[in-house]
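Shown next, in structure tokens, is the structure this report addresses.
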Amino acid sequence: MGKPMQVSRYWRHFREKYRLIGGKCENGHLLFPKRPICPICGSRNIEEFQFSGKGKVITWTIVRNPPSGFEYYKPYPLALVQLEEGPVVLAQLTDVEPEEIKEGMEVEMVTRKIREFDEDGLILYGYKFRPIIKSE
Amino acid sequence: MRKVMKPMKDVGIVGYGAYVPMYRIRNEEIGRVWGVSSFPIEEKAVPGLDEDAITIGIEAARNALKRAKIDPQKIRAIWFGTESKPYAVKPSATIIAEAIGATPDLEAADFEFACKAGTEALQAAIGFVGSGMAEYAMAIGADTAQGRPGDHLEFTAGAGGAAFIVGEKSNESVAYFEGSYSYVTDTPDFWRRQHEHYPRHGNRFTGEPAYFHHIINAAKTLMEELGLKPSDFDYAVFHQPNVKFPLTVAKILGIPKEKVLPGLLTGRIGNTYSGATMVGVSAVLDIAKPGDRILWVSFGSGAGSNAFSIVVQDAIEEKRDLAPKVEDYVKRRKVIDYALYAKARRKYIL
């Protein structure tokens with residue numbers, strides 16, 4: 001049997017995790033994640049906002065001693081990414097080697113596997129960022 | 001008795017998109033480990049640690065949406081063909097639908113028919129749109145295929161996929177369907193039992209009575225019933241478990257190699273199973289001209305073939321640049337050794 005998991009806790013955030021859906025308050029402040037109260041102006045009138053997924057790496061680190069559930073993925077890069085619309089997101093980078101990561105590197109959101117709860121549990125998917133694919 | 005299938009309304013492809021993971025393992029490297037020195041292909045695509053058939057399907061679906069330029073809320077079905085579904089019980093299609101913003105007003109299900117599950121989903125999408133039940137339907141084929149370590153399938157079992165959005169034929173269609181056909185028999189050339197990690201196959205039995213028999217019958221019947229000759233086609237994409245088989249089919253049908261090579265990716269990414277012909281057709285659409293006719297024949301073990309004839313339209317010129325092309329993904333490559341490949345395929349017990 002797997003360890004207990006809180007299915008509802010993850011399920012509640014699928015839209016945010018799969019698609020980068022955040023919030024926009026009545027005064028135009030953009031929030032990620034979406035919150036009940038705008039931290040900038042205090043407005044409670046907040047609607048959903050779809051972020052483009054494009055952004056830049058502000059800073060990053062390489063996780064070599066991950067928390068439980070992430071052991072198989074080590075080492076992996078964890079970064080602060082500033083979305084082109086403004087908000088900053090903490091997320092893993094993927095499809096990139098540590099030595100290729102640079103401050104200001106342009107990245108795009110992809111939906112990837114975040115973790116699995118043992119062999120018999122839920123598979124969690126969510127946003128990560130990777131270098132933008134060059135098209136010819 | 002008419003065998004070729006045509007829907008009541010003419011339908012076309014309004015958007016297509018492919019995806020191939022960036023990691024590659026060379027066939028020489030697999031051969032080094034298992035003492036093999038002749039190889040079916042050069043290298044194959046390996047999914048990253050955080051990739052599976054669902055994440056491949058999501059990126060392919062997003063690329064198809066970019067080219068279709070439609071509101072995902074108008075999609076009435078997402079049918080996902082794969083034989084490497086991450087959950088034995090729980091639909092993959094719902095996860096993809098949620099990730100592209102197509103929920104909740106739609107059909108969603110996973111299709112399974114070895115390597116032709118994706119084109120089987122496409123046949124259903126043609127019928128669903130062609131009957132007028134749906135404005136748009138999406139068919140996806142994606143796999144992260146596994147071969148038993150040391151088995152000759154390990155040299156070719158790749159990863160990748162593609163998605164096609166079907167809609168009523170219009171100026172927005174990058175190509176339209178002239179007709180389709182399906183040829184199926186009970187032929188046990190390849191299978192995997194419940195709870196088994198790896199498939200088994202009938203060795204040489206997989207060639208003549210399975211692959212060649214079904215593909216050639218499907219292609220010939222489709223051409224006969226549509227009144228077309230091999231020379232009427234500008235490109236042909238056949239299921240590609242290796243490089244040799246599809247080229248042999250072309251030779252038997254009298255189709256020159258040059259018409260097959262643009263859609264033959266297996267040598268560089270491996271056999272992407274349910275994705276194979278769908279990635280191949282995507283690569284052809286990336287370069288085709290309006291008016292070009294494409295012969296498209298899949299094969300799935302077990303066994304059967306789906307055959308389609310599609311004609312490229314003007315919209316391709318404007319739409320192909322709206323998402324990364326197959327070649328962009330094929331060129332984005334990082335070669336890994338067998339140890340990292342084994343890690344990526346989760347062979348280590350922590």
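Below, all heavy atoms of this structure are taken into account, side chains as well, without hydrogens, waters or symmetry copies. Proteins come first, then strands; the chains are lettered A, B, ... in the order of their sequence lines, and each starts at number 1. Bear in mind that the values here come from a model prediction, so they are computed numbers and not experimental data.
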Which residues, numbered in order, of residues 81-95 of chain A come under 4.5 angstrom of chain B by heavy-atom distance? A/T94, A/D95
Using a 4.5 Å cut-off on heavy atoms from C-beta on, say whether the side chain of A/K17 contacts that of B/E98. no
So, are B/K334 and A/E100 salt-bridged, with charged N and O less than 4.0 Å apart? no
Interface residue of largest heavy-atom contact number with chain B, from A/Y76, A/Y72, A/Y73, A/F14, under 4.5 Å: A/Y72
Does the side chain of A/Y18 reach to within under 4.5 Å of the side chain of B/I95, using non-hydrogen atoms? yes
Before accepting this row, confirm whether a basic side-chain N of the pair B/E51/A/K113 lies closer than 4.0 Å to the acidic partner's carboxylate O. no
Within 6.0 Å of CD in A/E99, more than 12 heavy atoms from elsewhere: yes
Can you tell me how far apart CZ (A/R19) and CD1 (B/I58) are? Round to the nearest 0.5 Å. 11.0 Å
At under 4.5 Å between heavy atoms, what parts of residues 335-350 of chain B are in contact with chain A? List them by residue number. B/A342, B/K343, B/R346, B/K347, B/Y348, B/L350
Quick check on the structure: residues of residues 13-25 of chain B within a heavy-atom distance below 4.5 Å of chain A, by number. B/Y19, B/M22, B/Y23
For residues A/R112 and B/D52, determine if any side-chain heavy atom of one lies less than 4.5 Å from a side-chain heavy atom of the other. no
Residues in residues 73-92 of chain B that sit under 4.5 Å from chain A, counting heavy atoms only: B/P86, B/Y87
Pairing donors with acceptors under 3.5 angstrom, does anything connect the side chains of A/Y125 and B/D50? no
Can you measure from OG1 (B/T55) to CD1 (A/I114) and round to the nearest 0.5 angstrom? 10.5 Å
Flag if over 12 foreign heavy atoms under 6.0 Å of NZ, A/K34: yes
Surrounding CD of A/E103 (heavy atoms of other residues, nucleotides or ligands, distance under 6.0 Å), is the total greater than 12? no
Can you tell which part of A/Q50 gets under 4.5 Å to a heavy atom of chain B, answering side chain, backbone, both or neither? neither
Side chain, backbone, both or neither of A/R15 within contact of chain B (heavy atoms, under 4.5 Å): side chain
With only heavy atoms counted, which part of A/I133 is less than 4.5 Å from chain B, the side chain, the backbone, both or neither? side chain
